[in-house]
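Everything on this sheet refers to the single structure shown next.
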There are 2 protein chains.
Amino acid sequence: MKISTKGRYGVLAMFDLALSGNEVPVSLKSIADRQSLSEHYLEQLFGPLRKAGLVRSVRGAQGGYLLARDPDSITVGDIVRVLEGPIAPVECVQPEAGGDEKQLARDCCGRPEVCPTRPVWEKLRDAMVEALDSVSLGDLVRQARERRPVPMYYI
Amino acid sequence: MKISTKGRYGVLAMFDLALSGNEVPVSLKSIADRQSLSEHYLEQLFGPLRKAGLVRSVRGAQGGYLLARDPDSITVGDIVRVLEGPIAPVECVQPEAGGDEKQLARDCCGRPEVCPTRPVWEKLRDAMVEALDSVSLGDLVRQARERRPVPMYYI
DNA sequence: CCAAATTCCGACTTAACTGCTAGGATATCC
DNA sequence: GGATATCCTAGCAGTTAAGTCGGAATTTGG
């Protein structure tokens, strides 16, 4: 029941990007240094994030990444879905909503009748989706600024 | 973000136990047959479940397992915690409640200041705990009976 | 135009975990 | 006493997690 480092590091890196203002590109190296992550490993995460349209890249010296959208419009759920796949505690409740749920319900667990435990997993899935989609990068940035007023040189 | 087969099979097997009335012991073999699971694999799950006090065992011929408590007092969360460990999306929010949360908060992610993404994981954890603890075996049994009125021989 | 910085891409590695299976000891009912 | 069970420990093949490595392509500053 854990999310992997992909999800954790991905959210942290995206938070870092959001906190950095989004005016000039931010290099993975600087993110890796600030957040104590492996630069090479971050590369693996930003490929999918770019393809999913959550970040834009700028190649070459002084290049890096920028959020592709407003921080308030990017939820933690968006990031997790890209890096970890569909938010679902078990495969048979993966579509997350609508679609061919009805059909899935019948085949679930390889039995013809409806799986008796399915309702719990659906409830769990919905709770997870709600929790992750209700928090945006903008929210995280504002929370962080409250705790540590402004990124300034006190010392 | 998936729960493993331990959790899935465990909940299904406990549901089977609850559905079976809890008057005579139910053997793992019969559960395995009904739910299409491996008997040997179920054994691995019922050791911990017994040690955690969720089921009682009766050894010998005509033996098997019984729920140790009222089906309404055993939640899906109880079962999942035994078989999958603490319900928490990341390690640094594991205590689930109270305790030395404050202290953990500071050391989280190996940095001295508070981890900026921690609030999301706490929110997710709480949502998961609430979803899993709000459903009992009794609830599942009643739901199942509604759909398939009574376990009777129709054919 | 060159060198440094940086994204981009794919392969490789190591360790741990998952999902079983095997075999046997012990207890109990008929 | 034999069939039926739980109990316990070990092993094992396949997958995944978490990174590492090396190098190509692209851009900027000097």
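Each chain gets a letter, A, B and so on, in the order its sequence line appears, and its residues count up from 1. No hydrogens, no waters, no symmetry mates; every other heavy atom, side chains included, goes into these values. Only a predicted model underlies this, so the values are computations on that prediction, with no experimental measurement involved.
Atom pair A/Met1:CE and C/dC17:P shows a separation of 18 Å (rounding to whole Å applied). Taking atom CZ on B/Phe46 and atom C1' on C/dC20, their separation rounds to 17 Å, with Å as the unit. A straight line from CD1 of A/Ile31 to C1' of C/dT7 spans 12 Å, rounded to a whole angstrom. Look at CG on B/Leu45: it is 14 Å from C1' on D/dC7, rounded to the nearest Å. If you measure from atom CZ of B/Arg56 to atom P of D/dA5, you get 17 Å, rounded to the nearest angstrom. Going from atom NZ of A/Lys2 over to atom P of C/dT18 covers 10 Å, rounded to whole Å. The distance from atom CG of B/Leu49 to atom P of D/dT6 is 13 Å, rounded to the nearest whole Å. Rounding to whole angstrom units, CD of residue B/Glu39 and C1' of D/dT4 are separated by 10 Å.
B/Thr5 and B/Tyr41 share a donor-acceptor pair across their side chains, judged by distance under 3.5 Å alone. A side-chain donor from one of B/Thr75 and B/Asp78 sits under 3.5 Å from a side-chain acceptor of the other. In the model, B/Ser27 has no side-chain atom that pairs as donor or acceptor with a side-chain atom of B/Tyr65 under 3.5 Å.
Ranked by how close their nearest DNA chain D nucleotide is to the 5' end, B/Ser57 and B/Gln62 are led by B/Gln62. Taking for each of A/Val58 and B/Gly63 the nucleotide of DNA chain D with the nearest heavy atom, the 5'-most of the two is the partner of B/Gly63.
By the criterion of side-chain heavy atoms lying less than 4.5 angstrom apart, applied directly or through intervening Ile, Leu, Val, Met, Phe, Trp or Tyr residues, B/Leu28 is not grouped with B/Leu66; the two fall into different hydrophobic clusters.
Heavy atoms of B/Gly64 sit under 4.0 angstrom from primed sugar atoms or phosphate atoms, though from no base atom. Within the 4.0 angstrom heavy-atom criterion, only backbone atoms of the sugar-phosphate kind lie near B/Tyr65; the bases stay farther away.
Rounding to the nearest 0.5 Å gives a distance of 10.5 Å between CZ of B/Arg34 and CG of B/Leu12. Note: B/Met14 CE to B/Ser136 OG = 11.5 Å, rounded to the nearest 0.5 Å.
In this structure, the side chain of B/Ser20 does not engage the main chain of B/Asn22 through any donor-acceptor pair within 3.5 Å.
In this model, the phosphate group of C/dC8 is approached by a side-chain N or O of A/Arg50 to a distance below 4.0 Å at OP1 or OP2.
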- request: Using a 4.0 Å heavy-atom cut-off, write out nucleotides 11-19 of chain D from 5' to 3' as B (base contacted by protein), S (sugar-phosphate only) or - (no contact).
  value: -------SB
For nucleotides 22-25 of chain D, print each protein N/O atom paired with a nucleotide N/O atom at under 3.5 Å, atom names and distance only.
{"residue": "D/dA25", "atom": "N3", "partner": "A/Arg59", "partner atom": "NH2", "Å": "3.1"}

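For B/Ala61, counting side-chain heavy atoms from C-beta on, the closest listed nucleotide (C/dT7, D/dT4, D/dT28) is D/dT4.
Salt bridge annotation for B/Glu122-B/Arg118: present, with a cationic side-chain nitrogen under 4.0 angstrom from a carboxylate oxygen. Salt-bridge formation is not detected for the pair B/Lys123/B/Asp126: no Lys NZ or Arg NE/NH1/NH2 atom is positioned less than 4.0 Å from an Asp or Glu carboxylate oxygen.
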